[in-house]
Amino acid sequence: MKLSAACVVAVDVGSVRTGSFAWAAVDMPGHTLTAHGDDPAGAAGALSAALTDGASAVLALEAPMSVPVPRDWKLLGKGRTGEGNRAWSASAGAGALATGLAQGAWLLAEIARALPGLAATTQVSRWRGAADGGGAPLLLVEAFVSGEGKPVPTALGPHAADAEAAARAVAERLADEDGTDGTDMTCAPQRAFSLLAAQAHWAGLAVAGDELALDVLVVRARPAG
């Protein structure tokens with residue numbers, strides 16, 4: 001993967017009507033903030049433009065995008081490994097999940113409309129393979145910005161600051177081409193239901209069927225220093 005031609009767009013999921021939605025774009029490997037906004041169309045446009053220019057791209061949604069489905073019904077709703085006391089099914093996480101489903105589906109449908117036949121993946125190894133003529137040029141991941149990872153709000157507002165922090169965290173995680181790209185959360189040992197793969201399939205993007213049951217990369221934004 002030639003990281004000199006990659007773009008990471010992170011979305012702080014929230015109400016569009018009340019101005020709680022924001023997005024930010026960061027390039028790789030420079031990690032320079034290249035664009036930002038408060039409208040979903042801008043986020044979709046930034047990703048589509050990068051992909052049209054031949055770059056690889058990453059969409060990071062700040063909402064639970066993979067949930068555990070246990071065989072034992074008594075474990076339904078339990079948090080993912082690595083979540084601590086902020087389970088995906090708690091009020092804040094559940095609300096973000098519902099909003100992120102609709103907003104993520106809309107974003108991916110817009111990208112699919114602009115780039116018919118585009119392949120997407122939730123698996124880093126498959127995304128990296130796009131540089132060799134295979135794989136998928138669009139990677140879908142989950143970002144988590146909360147608690148001590150919250151950045152200091154900028155003049156652009158707290159939601160834009162969250163989006164930028166998420167974009168930078170994802171770019172840094174993917175910067176090491178030989179690294180393991182380890183996730184900060186996982187559904188294991190339970191079965192994973194990938195909402196990202198489901199959204200991509202619904203939107204009309206080409207995504208491998210096995211990804212519906214694979215964990216996604218979750219990147220937690222951490223405070224500087």
Side-chain angles (χ1 to χ4, degrees), residues 7-17 20-23 25 37-52 55-70 76-77 80 88-89 92-127 129-130 134-144 163 166-167 170 183 185-187 190-219:
C7 171
V8 178
V9 173
V11 170
D12 183 35
V13 167
S15 171
V16 174
R17 181 179 59 83
S20 298
F21 177 98
W23 64 273
D38 59 4
D39 63 303
L47 285 163
S48 297
L51 291 162
T52 299
S56 294
V58 183
L59 171 61
L61 292 175
E62 193 192 342
M65 286 289 115
S66 182
V67 299
V69 183
L76 284 168
R80 298 174 291 183
W88 65 272
S89 55
L97 185 155
T99 302
L101 274 178
Q103 293 180 353
W106 187 91
L107 288 166
L108 294 176
E110 285 297 293
I111 295 169
R113 182 178 62 83
L115 297 164
L118 178 70
T121 183
T122 62
Q123 304 301 300
V124 176
S125 61
R126 297 177 184 181
W127 177 69
L138 176 61
L139 175 65
L140 309 176
V141 306
E142 174 187 335
F144 184 80
V170 171
T183 184
M185 298 176 199
T186 178
C187 292
Q190 311 303 337
R191 295 172 296 175
F193 174 31
S194 174
L195 305 179
L196 282 174
Q199 287 168 300
H201 178 74
W202 177 89
L205 295 170
V207 59
D210 66 331
E211 296 196 18
L212 285 168
L214 296 179
D215 264 307
V216 305
L217 174 65
V218 182
V219 178

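Keep in mind that the numbers below use all heavy atoms, side chains included, and drop hydrogens, waters and symmetry copies.
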Counting N and O atoms only, with roles assigned by atom type, does the side chain of [X] sit under 3.5 Å from a partner on the main chain of [Y], one being a donor and the other an acceptor?
X: Arg80; Y: Ser66; value: yes
X: Trp127; Y: Pro137; value: yes
X: Gln199; Y: Gly100; value: yes
X: Glu142; Y: Met65; value: yes
X: Thr183; Y: Val218; value: yes
X: Ser89; Y: Gly77; value: yes

Heavy-atom distance under 4.5 Å between the side chains of [X] and [Y], does that happen here?
X: Leu212; Y: His201; answer: no
X: Ser56; Y: Leu139; answer: no
X: Val16; Y: Gln103; answer: yes

For a quick test of reading the model, state the closest non-hydrogen atom pair linking [X] to [Y] and the distance between them.
X: Leu47; Y: Ala57; result: CD2-CB, 3.8 Å
X: Ala206; Y: Gly117; result: CB-O, 4.4 Å
X: Ala25; Y: Val9; result: CB-CG2, 3.9 Å
X: Ala112; Y: Gly204; result: CB-C, 4.3 Å
X: Leu107; Y: Ala44; result: CD2-N, 3.8 Å

Output, in order, the C-alpha distance, side-chain angles, deciding distance and verdict of side chain to side chain contact (heavy atoms under 4.5 Å, CB included) for Leu59 and Val141. CA-CA 6 Å; Leu59 171 61; Val141 306; over 6 Å; no
For Glu211 and Thr122, what are the C-alpha separation, side-chain angles and deciding distance, and is it a side chain to side chain donor-acceptor pair (under 3.5 Å)? CA-CA 7 Å; Glu211 296 196 18; Thr122 62; 2.8 Å; yes
Between Asp210 and Arg126 (salt bridge meaning N to carboxylate O under 4.0 Å), is one present in this structure?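 Answer for the salt bridge query: yes.
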With side chain to side chain contact (heavy atoms under 4.5 Å, CB included) as the criterion, how do Leu205 and Leu108 come out once you've worked through the C-alpha distance, each side chain's angles and the decisive distance to 0.1 Å? CA-CA 8 Å; Leu205 295 170; Leu108 294 176; 3.8 Å; yes
Evaluation steps, side chain to side chain contact (heavy atoms under 4.5 Å, CB included), between Asp39 and Phe21: CA-CA 7 Å; Asp39 63 303; Phe21 177 98; 5.7 Å; no
Can you list the steps and then say if Leu214 with Gln123 is a side chain to side chain contact (heavy atoms under 4.5 Å, CB included)? CA-CA 8 Å; Leu214 296 179; Gln123 304 301 300; 3.6 Å; yes
Between atom CG of Leu61 and atom CG of Leu140, what is the distance when rounded to the nearest 0.5 Å?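 One gets 7.5 Å once the value is rounded to the nearest 0.5 Å.
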Distance (rounded to the nearest 0.5 Å) between Trp88 CH2 and Phe144 CZ: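 Interatomic distance, Trp88 CH2 to Phe144 CZ, rounded to 0.5 Å: 14.0 Å.
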